[in-house]
Amino acid sequence: MPRWRKSSHSSGAANSDCVEVADLSGTVAIRDSKNPHTGHLTLTPGAFASLLTRLKHNNPDI
């Protein structure tokens, strides 16, 4: 069973839209914290790192 965790930036009522992540032995899973039973997206660690870098630099175009 994966251990899902939220970002520390996701706490509080103002940040009710967030995702959770889990380490799945060689891949990273991402899911909607408000709808955890609808499934998840699985990325390689490299693709997840690239996604985070793009989001931090406000460049979500992949």
Side-chain angles (χ1 to χ4, degrees):
M1 187 103 184
R3 293 187 64 192
W4 293 95
R5 62 188 188 277
K6 291 182 188 178
S7 167
S8 59
H9 298 285
S10 297
S11 61
N15 294 317
S16 61
D17 297 329
C18 65
V19 296
E20 297 174 320
V21 296
D23 179 0
L24 299 181
S25 298
T27 61
V28 179
I30 305 169
R31 71 180 183 184
D32 182 348
S33 64
K34 292 182 303 212
N35 298 300
H37 302 293
T38 60
H40 62 270
L41 173 67
T42 304
L43 300 172
T44 65
F48 182 69
S50 178
L51 174 64
L52 291 180
T53 298
R54 290 173 183 271
L55 292 172
K56 286 178 184 179
H57 292 98
N58 199 25
N59 184 10
D61 296 328
I62 297 176

| field | Minimum-distance pair of heavy atoms, taken over all atoms of Arg3 and Ala22 | value | O-CB, 3.6 Å
| field | With Asp23 via side-chain hydrogen bond (donor to acceptor under 3.5 Å, both in side chains) - residues at least two apart | value | none
| field | Connected via hydrophobic side-chain network under 4.5 Å: Leu24 and Val28 | value | no
| message | So if I apply the side-chain hydrogen bond (donor to acceptor under 3.5 Å, both in side chains) rule between Glu20 and each of Arg31, Lys34, Arg5, Lys6, which one comes out positive? | response | Arg31
| field | Closest contact, heavy atoms only, Trp4 versus His40 | value | CH2-CB, 3.8 Å
Table please: side-chain donor-acceptor pairs of residues 44-53 below 3.5 Å, with sequence neighbours left out.
{"residue": "Thr44", "atom": "OG1", "partner": "Ala47", "partner atom": "N", "Å": "3.1"}
{"residue": "Thr53", "atom": "OG1", "partner": "Ala49", "partner atom": "O", "Å": "3.0"}

